[in-house]
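Excluded from the calculations below are hydrogen atoms, water molecules and symmetry mates; all remaining heavy atoms, backbone and side chain alike, are included.
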Amino acid sequence: MQTGFSQLSEHLYVHHGHVNTGILRDGDRALLIDPSGTTLHTTLAELGITNIEQILFTHHHRDNTADFPITDDVRVGVPEKEASWFTEVETFWNDSQYRWHLYNYHPHNLMLADAIRVTDRYADGAQIAWGSASLTVLETPGHTDGSATYLIDVDDKRFAFTGDLIYDEGKLWELYSLQKGQQTSDYHGFLGARDELKESLEKVRQASSTALIPTHGVVMDNPDRAIDALLKQLAYCYDKYVAISALRHYFPQLFTEFEGNSGHMPIREGKPPPEFLRHFGTTWIIISDFSTASFGSQTTPKGEAFVMDCGSPNVIKQIQQLQTDNEISEVTQFWVTHYHDDHVNAIPEFQETFPCETITDEIVAEVITNPIGFRLPCISPSVTRVDRVTQDGDSWQWNEFTMTAYHFPGQTYYHGGLLVEGRGVRMFFAGDSFTMAGIDDYCSGNRNLLGADVGYEKCLRLIQELKPTHIFNCHVNPAFDFTDAEIACMLDTLAEREKCYTALFPWDHANYGMDEHWVRCYPYEQEVALGGTAQLRVEVTNHSDEPRTATAQPILPTSWGMEIVPGETTIPPRSDGYIDFSIPIPRHSSRHAPTCRQESEVLERVVVPINLTYNARPLGQFREAIFVLTGG
């Protein structure tokens, strides 16, 4: 990684910190593009620049806009379509639609913690004159909906500051910002912004620049070669996604252009489920032959029910109707497959209605018992009571069926699988992890990890070992199974994905570019009283084959007048590491003078960015936590 600065022409420089900052210089004054980070001051001093006249930002992400003070006399220009995410960012942090039930993610990542004053809003084609240079604004969406590229004509050359459209020849900084729906919600839009990205790259290509300067990445002096390489690599990677995507079952119209491609797994037929199962919404119900209920003179006992997931109150009514119709006696056990809202929204009401034992995988339990501690796709604020937490391979008997629970990190990392054996069948309830078309990995925020013994590789190996006669998806009525050849096809495709996606990113493993939550805060959100202490853990997943060192520092509001000492940890290969902080909260908030208040009164939501350095690579304000300040 480059450090310090480089000179592109007589008047144009690039500072190489955790991002690249363009420096258009005229004597001791300068125009800056994407200034961020504290090391920029060193370069400005070395160049003799004492007067910052104008700042331009390519897009609204926090890692290229934070940690550089902007004085009131500086003009600040931003893309017109992203202006509100600079000037009114508090509307994002205080709006529950950006906190719960997250199916749409624009904007979805790295929002500013505090608003930035903006003087100029630039639309496509806008012209800016500064010193001996002229600048042209190009709207180039992809990495964000409103990203801009700044073309600088200076010293008889043209340079393109492209934001995060491209990192290097054939490389992107990360993939999860490209999650975007086309005919569906963003949730189903894995790499859905690739068409916008392609159009923007072609637009940049047509500008015939001398060099491309990305916000993250290296200066590219052969733009055509760099763009061609990225478009080729991106197309290959996406093809390897489509080849075994379960989404082909749900939305076949999205993939007609891929029909007949070699290496794509055919979509197999389903088969009828056993007669003792019922399916309502996302809920599967097993009806036992056995009942402990007493029915007086009734000679035909109703069977007990084992229920999986409850996303809607309508499911509760359906179960009560089964009781009315004498199909079941009572619900005696309840299993939760994963945390998504369409599987857990109605669980509190279900638990009040049917006071049975609730069981789930230990990793699922972490989320559904404390959802406020996480920020994940499709997350629900509903809190679930869990009576029994299972670990991988735990078994128990439920009437005539043997139940075996597994951690099953398929559709999401926070997911369990359940093998049910009895009455001549071996049924595997896979939550939302498979359809007859393949694997449900269409949302990068779900943490679909690539590699040996993680993610879908782990899940498929388990299916290969267990050999269930029936596999069940919570959204699909028919049962299905996979042949040995189909499992081999999916495993081979995943192995190829690991290689080609690793080549797409400037990391030593694909998961850094695909796993939005490889760095995360726990709890993500917490209530803390004024004068109290917040306990915060920064969790880091090392996806590499060698140990890695992570350094983290929470960035507190300047009005608090305190700085937290950075913490550091060395993380073994393919493991999680943790850095813990105790953060004292002032006795009065920045917006409220101390008065007598009730203990539970919410006063303010404070965004606390986390500055991260990983393996000696500074990443800036890479993630965040939320402190909800209450009266105390």
Trainee: For the residue pair Phe92 and Tyr98, is the inter-centroid distance of their aromatic rings smaller than 6.0 Å?
Mentor: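 When the ring centroids of Phe92 and Tyr98 are compared, they turn out to be within the sub-6.0 Å range.
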Trainee: Are His216 and His18 an aromatic pair, judged by ring center distance below 6.0 Å?
Mentor: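 His18 vs His216: aromatic centres not under 6.0 Å.
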Trainee: Between atom CG of Leu32 and atom CD1 of Ile23, what is the distance when rounded to the nearest 0.5 Å?
Mentor: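 Answer rounded to 0.5 Å: 6.0 Å.
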Trainee: Would you say that Phe622 contacts Ile610 through its side chain, given a criterion of any heavy-atom pair below 4.5 Å between the two side chains?
Mentor: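 They are not in side-chain contact.
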Trainee: Please confirm whether the backbone N or O of Gln535 pairs with a side-chain atom of Gln526, one donor and one acceptor, at under 3.5 Å?
Mentor: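 At least one qualifying donor-acceptor pair exists.
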Trainee: Where is the tightest heavy-atom contact between Pro566 and Phe581, given as atom of each residue plus distance?
Mentor: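 That closest heavy-atom pairing would be C-CE2, 4.3 Å.
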Trainee: Once you round to the nearest 0.5 Å, how far does CG of Asp228 lie from NZ of Lys232?
Mentor: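 The NZ atom of Lys232 is 9.5 Å from CG of Asp228, to the nearest 0.5 Å.
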Trainee: Is the ring centre of Tyr614 less than 6.0 Å from the ring centre of Trp518?
Mentor: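 When the ring centroids of Tyr614 and Trp518 are compared, they turn out to be within the sub-6.0 Å range.
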Trainee: Determine the sole option in Leu8, Ile33, Leu56 for which the side chain to side chain contact (heavy atoms under 4.5 Å, CB included) test with Ile152 is passed.
Mentor: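 That would be Ile33; it is the only one of Leu8, Ile33, Leu56 passing the side chain to side chain contact (heavy atoms under 4.5 Å, CB included) with Ile152.
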Trainee: Which heavy-atom pair separates Ser177 from His106 by the least distance, and what is that distance?
Mentor: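 Looking at all heavy atoms of both residues, the shortest contact is O-CE1, 4.2 Å.
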Trainee: Taking the six-membered ring of Trp100 (Phe, Tyr or Trp), confirm whether the NZ or CZ of Arg375 is under 6.0 Å from its centre and within 45° of its axis.
Mentor: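 Because its charged atom misses either the 6.0 Å distance or the 45° angle limit, Arg375 does not stack over Trp100.
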Trainee: Pair up each side-chain donor or acceptor in residues 206-213 with any protein partner under 3.5 Å, not counting sequence neighbours, and list the distances.
Mentor:
unit_1: Thr210; atom_1: OG1; unit_2: Arg158; atom_2: N; d: 3.3
unit_1: Thr210; atom_1: OG1; unit_2: Arg158; atom_2: O; d: 3.2

Trainee: Taking salt bridge (charged side-chain N to carboxylate O under 4.0 Å, His left out) as the test, write out the residues that go with Glu174, two or more places apart.
Mentor: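 Scan of Glu174 (salt bridge (charged side-chain N to carboxylate O under 4.0 Å, His left out), adjacent residues dropped) gives none.
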Trainee: Kindly determine whether Glu139 and Lys203 satisfy salt bridge (Lys or Arg N to Asp or Glu O under 4.0 Å), including the steps that lead there.
Mentor: CA-CA 9 Å; Glu139 290 181 352; Lys203 191 174 185 178; 5.5 Å; no
Trainee: If you measure from the Lys or Arg side-chain nitrogens to the Asp or Glu carboxylate oxygens, is any gap between Lys81 and Asp145 under 4.0 Å?
Mentor: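 No, no charged N to carboxylate O under 4.0 Å.
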Trainee: Is there a side-chain contact between Phe374 and Tyr414, using heavy atoms and a 4.5 Å cut-off?
Mentor: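 Touching, per the 4.5 Å side-chain cut-off.
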Trainee: Determine, stepwise, if the pair Asp545 / Arg574 fulfils salt bridge (Lys or Arg N to Asp or Glu O under 4.0 Å).
Mentor: CA-CA 6 Å; Asp545 290 325; Arg574 307 280 178 169; 2.9 Å; yes
Trainee: Quick test of your reading of the model: are Glu624 and Arg62 salt-bridged, counting only N-O distances below 4.0 Å?
Mentor: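 A salt bridge links Glu624 with Arg62.
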Trainee: Taking the ring centre of each residue, are His509 and Tyr501 less than 6.0 Å apart?
Mentor: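 Centroid distance His509-Tyr501: not below 6.0 Å, so no.
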Trainee: Can Thr630 and Glu527 be counted as having a side-chain donor-acceptor contact under 3.5 angstrom?
Mentor: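 Distance-only check fails for Thr630 and Glu527.
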Trainee: If you apply the rule side chain to side chain donor-acceptor pair (under 3.5 Å), what do you find for Gln127 with Ser134, and how did you get there?
Mentor: CA-CA 7 Å; Gln127 301 289 315; Ser134 63; 5.4 Å; no
Trainee: Does Arg497 come within less than 4.0 Å of Asp441, counting only side-chain N to carboxylate O?
Mentor: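 Answer for the salt bridge query: yes.
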Trainee: Indicate the atoms forming the closest heavy-atom contact of Ala148 with Thr140, along with that distance.
Mentor: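 Heavy atoms only, the tightest pair is C-OG1, 3.4 Å.
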Trainee: Is there a donor in the side chain of Tyr187 and an acceptor in the side chain of Asn446, or the other way round, less than 3.5 Å apart?
Mentor: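 Note: Tyr187 and Asn446 side chains meet the donor-acceptor criterion.
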Trainee: Heavy-atom distance under 4.5 Å between the side chains of Val76 and Phe86, does that happen here?
Mentor: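 Not in contact.
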Trainee: Taking the side chain as every heavy atom from C-beta outward, state whether Asn20 and Pro214 have any pair of such atoms under 4.5 Å apart.
Mentor: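 The answer is yes; the side chains approach within 4.5 Å.
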Trainee: With a 4.5 Å heavy-atom cut-off, do Asn448 and Met514 have their side chains touching?
Mentor: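 Asn448 does not reach Met514 side chain to side chain.
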Trainee: Inspect the contact between Glu82 and Arg121 and indicate whether a charged nitrogen and a carboxylate oxygen are less than 4.0 angstrom apart.
Mentor: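 Answer for the salt bridge query: no.
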Trainee: Tell me whether Arg194 contacts the main-chain N or O of Leu191 through its side chain, where contact means a donor paired with an acceptor under 3.5 Å.
Mentor: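 Flag set: sc Arg194 to bb Leu191 pair under 3.5 Å.
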Trainee: Any heavy-atom pair between the side chains of Tyr150 and Pro79 that's under 4.5 Å?
Mentor: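 A side-chain contact under 4.5 Å exists here.
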Trainee: So, the side chain of Glu53 versus the backbone of Val74: is there a donor-acceptor pair under 3.5 Å, distance only?
Mentor: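 No, because the side chain of Glu53 does not come within donor-acceptor range (under 3.5 Å) of the backbone of Val74.
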Trainee: Out of the candidates Thr149, Leu151, Ile128, only one should pair with Val137 under the side chain to side chain contact (heavy atoms under 4.5 Å, CB included) rule; please name it.
Mentor: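 Of the listed options, the one satisfying the test is Ile128.
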Trainee: Any side-chain to backbone donor/acceptor pair from Thr144 onto Ser147? Under 3.5 Å, distance only.
Mentor: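 Yes; judged by distance alone, with no hydrogens or angles, the pair exists.
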Trainee: Keeping to residues at least two apart or across chains, list the ring-ring contact (aromatic ring centres under 6.0 Å, His included) pairs with something in residues 188-213.
Mentor: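 Matches after skipping sequence neighbours: His188-Phe251, His188-Tyr442, Phe190-Tyr241.
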Trainee: Can any side-chain N or O of Asn542 pair as donor or acceptor with the backbone N or O of Ser544 at less than 3.5 Å?
Mentor: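 Yes, Asn542 side chain to Ser544 backbone: donor-acceptor pair under 3.5 Å.
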Trainee: With no hydrogens and no angle check, just 3.5 Å: does a side-chain donor-acceptor pair link Ser6 and His16?
Mentor: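 Checked: Ser6/His16 side chains pair up, N/O donor to acceptor below 3.5 Å.
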Trainee: Would Arg548 and Glu546 pass as an ion pair if we require N to O under 4.0 Å?
Mentor: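 Salt bridge between Arg548 and Glu546, a charged N being under 4.0 Å from a carboxylate O: yes.
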Trainee: Do you know the tightest heavy-atom contact between Met562 and Leu556?
Mentor: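 Heavy atoms of Met562 and Leu556 come nearest at CG-CD1, 3.5 Å.
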Trainee: Please give me the minimum heavy-atom distance between Gly37 and Phe68, naming the atom from each residue.
Mentor: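 Scanning both residues, the minimum pair turns out to be O-CD1, 4.3 Å.
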Trainee: Short question: side chain of Asp186, backbone of Gly181 - any donor-acceptor pair under 3.5 Å?
Mentor: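 Present.
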Trainee: Would the distance check show the side chain of Asn64 and the main-chain N or O of His59 forming a donor-acceptor pair, the cut-off being under 3.5 Å?
Mentor: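 Judged by distance alone, yes, a pair lies under 3.5 Å.
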Trainee: Just by distance, with hydrogens left out, do Thr50 and Arg29 show a side-chain donor and acceptor under 3.5 Å apart?
Mentor: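 Looking only at side-chain atoms, Arg29 and Thr50 do not form any donor-acceptor pair under 3.5 Å.
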Trainee: Do Val628 and Val606 make a side-chain contact, defined as non-hydrogen atoms from C-beta onward lying under 4.5 Å apart?
Mentor: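 Not in contact.
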Trainee: Run the salt bridge (Lys or Arg N to Asp or Glu O under 4.0 Å) test on Asp576 and Arg520 for me, step by step, so that the C-alpha distance in whole Å, both residues' side-chain angles and the decisive distance to 0.1 Å come before the verdict.
Mentor: CA-CA 11 Å; Asp576 291 331; Arg520 56 209 174 270; 3.5 Å; yes
Trainee: Quick one: pull up CG in Leu31 and CG in Leu135 and give me the separation to the nearest 0.5 Å.
Mentor: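 One gets 6.0 Å once the value is rounded to the nearest 0.5 Å.
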Trainee: From the options His15, Gln7, Arg25, select the one residue that forms a side chain to side chain contact (heavy atoms under 4.5 Å, CB included) with Leu47.
Mentor: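 For Leu47, the side chain to side chain contact (heavy atoms under 4.5 Å, CB included) test succeeds with only one of His15, Gln7, Arg25, which is Arg25.
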Trainee: Mark yes or no for whether Gln233, through its side chain, and Cys500, through its backbone, hold a donor-acceptor pair below 3.5 Å.
Mentor: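 Present.
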Trainee: What are the two closest non-hydrogen atoms of Arg623 and Glu516, and how far apart are they?
Mentor: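 Smallest heavy-atom distance, with atoms named: NH2-O, 2.7 Å.
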Trainee: Using a 4.5 Å cut-off on heavy atoms from C-beta on, say whether the side chain of Pro377 contacts that of Tyr103.
Mentor: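 Sidechains of Pro377 and Tyr103: no contact.
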Trainee: Taking His543's backbone N and O only, do any of them form a donor-acceptor pair with Asn511's side chain (distance below 3.5 Å, no angle check)?
Mentor: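 No, the answer is negative, given that no donor and acceptor are paired below the 3.5 Å cut-off.
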Trainee: Do Asp34 and Thr58 get their side chains close enough for a donor-acceptor pair, meaning under 3.5 Å?
Mentor: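 A pair is found: one side chain offers a donor N or O, the other an acceptor, under 3.5 Å apart.
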Trainee: As an exercise, state the distance from CH2 of Trp507 to CG of Asn615, rounded to the nearest 0.5 Å.
Mentor: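 Rounded to the nearest 0.5 Å, the CH2-CG separation comes to 8.5 Å.
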Trainee: Do Tyr522 and Tyr578 have ring centres separated by under 6.0 Å?
Mentor: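 When the ring centroids of Tyr522 and Tyr578 are compared, they turn out to be at least 6.0 Å apart.
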Trainee: About how many Å separate CZ of Arg99 and CG of Asp95, when rounded to the nearest 0.5 Å?
Mentor: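 With rounding to 0.5 Å, CG (Asp95) is 12.5 Å from CZ (Arg99).
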Trainee: Give a yes or no answer on whether the side chain of Asp164 reaches the backbone of His143 with a donor-acceptor pair at less than 3.5 Å.
Mentor: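 No, Asp164 side chain to His143 backbone: no donor-acceptor pair under 3.5 Å.
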